[in-house]
Each structure stands twice: as structure tokens, then as C-alpha cells.
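When a ligand or atom number is given, it counts from 1 through the structure's own listing order.
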Amino acid sequence: MENYIELKNITKHYNDQRIILDDLSLSMKKGEILSVVGPSGCGKTTLLRCMAGLEGHEGIMRMNGTDLSGRTDSRGIVLMFQDSLLFPHMTVLENVTYGLKMKKIVKRERIQSAREMLAKVDMSDHEKKFPYELSGGQQQRVALARALVTKPDLLLLDEPFSNLDQSLRYELRQYVRDVLVEEEVTALFITHDKEEASFMGDRLAVMGKGRIQQVGHPEVLSIQPCNPFVARFFSEGLVLEEGFIPTQKLTLIPSGSPSKDIQMEGEVVNESLEYGKKIYHIRVPHLAQTITIPSSEEHNFTKGTSITLKYTENNIHYFDEVRKIKKGGDGENEIVAYS
Ligand SMILES: Nc1ncnc2c1ncn2[C@@H]1O[C@H](COP(=O)(O)OP(=O)(O)OP(=O)(O)O)[C@@H](O)[C@H]1O
Ligand SMILES: [Mg+2]
């Protein structure tokens, strides 16, 4: 299938000339939800603002084969922010019909479409209320209805749940994903939360240093990061200079146990609970890294205990650059088997 959204060599700096987006490229299929995850300040909001036509930039942006440069008017792209930014003096229904009014849709039709959309986000009972009479989560649902009612070609969501508490966030993100899938909306979802990115996206892009570092299914990114940046930011495991070992391939043994495998010394510096299971936080001084590993039935380590992590050569996923050198080629066609 042809790419619906195509960004090529996007470069952006603000007035201070510091490069924010550095030759960034990205593509999306029609109807796809793509999550973009990256550390704070890496340029995620800037990317969305460029796509929405709110910022100038260098490089090419195409939607459905059409160049977007110079089309600042009705791009068919809607941007949804962290805060819902509903019009405070309008009721819920008026907020949702507003975009349709701008599109000169007749009143009867706008009210019908708005009511249908409010039903989808379960806000029908609140249509006469003003934003200040709603909770944060309800306001975000109205904002989503307002964004979707105009049937945008592309919806850009900039951390829309970050101001909500965890239970509300979990509830709302399920809603939002269901509605986006049902309406077949092409959407770019920005977050700095890895778990939320995996939950929301059909695919996931890791952004850093002004670029998209790797795009793929979350599972692939978590065990086969292409470089140290993705490994450190996204994947769970040991980051070596030449490659990466996913947590599930590491075995934890008491320090000093005999083993033929490769060994790395560490110390249990803390423990926490996740889904009722004890998680060890292990400091690995040699790599200046702290990793988390679930406890096993076999061993019960206490805080402050020295331990050994063991793995074999086969467990290492080599970074792209290293694979290229090892293969003496570009490494592009190599199939990585991971059992
Ligand atoms: N209008 C502006 N003028 C100058 N610099 C800016 C402007 N807006 C953003 N920046 C800078 O661009 C960089 C990227 O900012 P951006 O808001 O895109 O990051 P982000 O990835 O969205 O971060 P966060 O996760 O914290 O929202 C930051 O260093 C920021 O200081
Ligand atoms: Mg931002």
C-alpha cells in the first residue's frame, strides 16, 4: 500500500539556530495509528506543529501524494493538545458543532453529526453543560468529539492524557483508540510514556536527537533496538557498546556461582512490585546502568546483595552499525532470529 503521509528530510530550527528537527523522515499508511515516543525536549511538539502548518520548516511533507507546503489553510489536519482548550463560553454541543459551522454545514446536519460523535465518546448526557462543569477526562472526550466530527484526514494528538490521573488515563485511552479505529482515522499520537505508546500505536516510532531513530512493532523495538539510543530509551535490558541483551535473556545467579556463560557483576539496589511480582533493580557498575528484572522462584535476593547476570553470545542483538561491519555489507537484508 502507498504511504498516505510522507515526511522527507524535515529540518527545523527556531530563531536561535539550534537544530531541533534534523533531516527527519517518517511515513504512515492510511488509517494507521502511529505513536511517536521520545524524551522531553526532543522535538515532538515541534514536529506536530510543522505538520499542522503552524511552523515553517525545510523538507517535504506529502499527504495522499499532495505536497503540503504552501497549504496553510484547510489541510484537513487537526491538532489536539494536552489541554482540551474547549471554548469556555460554549456548551458541549456548541463546542462540537463549531468546526462544522466553519465548514458551512447546515444547522440540522451539524447537530446530528455532533450528537452522533458525542454518543461515541459517551457524552450525550452532557451536551448542554459548559466546559467548567465537566471533569478533565470528560473535557478531553468532548475535545476528541470536536476533533473527529470534522472527519480530519490526519489527527495529531500531543500527549492528550498527560494532565489526567492514571485510572482516568487508562479509561480514556481505550476510548480514544476504539473511536480512532472505528472511524478509520489516520492518527499520529505523541507521548513520552513508552507503555502508552505501545498501547495506542499500531506501530511505534522512537524519536531522539531530532530524528526518528527506529520505527516498528513495539515488541521488535523492545528486543531488537537498532542503536544504543533506542536501547536505552525504549528497550528493557543490558546495553553493551556493540549490542543489546533483552531482560528475558538474562539469568540472575548468586555472585560467585560457577558458569560457562558470559558474566556481569551487579548489585540489587532496590526492589518494587509490578502486577504482584517482585522486581529487582540491579545496578551494573561496569556499564553504569541500572536495569529491572523480575524475581524468580529460584532465588530470593535482598537489597544490597551482590549478584551476577549471565548471558551467552547468542543472546546479544548487535546494533545496526556493528552488524554492517560484521557482515561486511549494509546488513539491511539480514534476518534476525530471536527465539
Ligand atoms: N518557539 C520556540 N522558540 C525557540 N525554541 C523552542 C520553541 N519551541 C520549542 N523550542 C525548543 O525546541 C526543543 C523541542 O521542543 P518541543 O516542545 O518540540 O519538545 P517535546 O519533545 O515536545 O518536549 P515535551 O515532551 O517536554 O513536550 C526544546 O529544546 C525547546 O526548548
Ligand atoms: Mg511537547
Does any donor atom in the side chain of Ser272 or Asn270 lie under 3.5 Å from an acceptor atom in the other side chain?
-> no

Cation-pi geometry met for Lys278 and Tyr280 (6.0 Å, 45°) = no

With a 4.0 Å cut-off on heavy atoms, does Glu159 reach ligand 1?
-> yes

Taking atom 12 (O) of ligand 1 as the reference point, the nearest protein heavy atom with its distance = Ile20 CD1, 3.3 Å

Taking atom 10 (N) of ligand 1 as the reference point, the nearest protein heavy atom with its distance = Tyr14 CE1, 3.3 Å

the protein heavy atom lying closest to atom 26 (O) of ligand 1 turns out to be Ser40 OG, 2.6 Å

Pairing of Arg169 and Glu196 as salt bridge, 4.0 angstrom limit | yes

So Thr11 and His57, side chain to side chain donor-acceptor pair (under 3.5 Å) or not? Walk me through it.
-> CA-CA 6 Å; Thr11 299; His57 60 85; over 6 Å; no

Backbone or side-chain N or O of Gly43 under 3.5 Å from ligand 1 N or O = yes

Protein contact of atom 23 (O) of ligand 1 - nearest heavy atom, named by residue and atom, plus distance = Gly41 N, 2.8 Å

Atom 25 (O) of ligand 1 has as its nearest protein heavy atom Lys44 NZ, 2.8 Å

Tyr4 and Ser27: side chain donor to acceptor below 3.5 Å = no

Could you find the nearest protein heavy atom to atom 31 (O) of ligand 1 and give me its residue, atom name and distance?
-> Arg18 NH2, 3.8 Å

Before giving the answer on salt bridge (charged side-chain N to carboxylate O under 4.0 Å, His left out), spell out for Glu236 and Lys194 the whole-Å C-alpha distance, their side-chain angles and the decisive distance to 0.1 Å.
-> CA-CA 11 Å; Glu236 305 275 350; Lys194 298 187 299 186; 3.2 Å; yes

Checked the Mg ion (ligand 2): protein N, O or S atoms closer than 2.8 Å come out as Thr45 OG1

Does the side chain of Met264 come within less than 4.5 Å of Leu287's, by heavy atoms?
-> yes

Do the charged groups of Glu321 and Lys324 touch, with an N to O distance under 4.0 Å?
-> yes

To the nearest 0.1 Å, how far is atom 15 (O) of ligand 1 from its closest protein heavy atom, and which atom is that?
-> Thr46 OG1, 3.7 Å

Of the options Ile33, Leu180, Thr186, Leu188, which is the one that meets Leu155 in a side chain to side chain contact (heavy atoms under 4.5 Å, CB included)?
-> Leu180

Can you tell which part of Thr45 has a heavy atom less than 4.0 Å from ligand 1: side chain, backbone, both or neither?
-> both

Cation-pi between Arg173 and Phe199: NZ/CZ under 6.0 Å from ring centre and within 45° of the ring axis?
-> yes

Which of Leu144, Leu118, Val96 passes side chain to side chain contact (heavy atoms under 4.5 Å, CB included) with Met123? It is Leu118

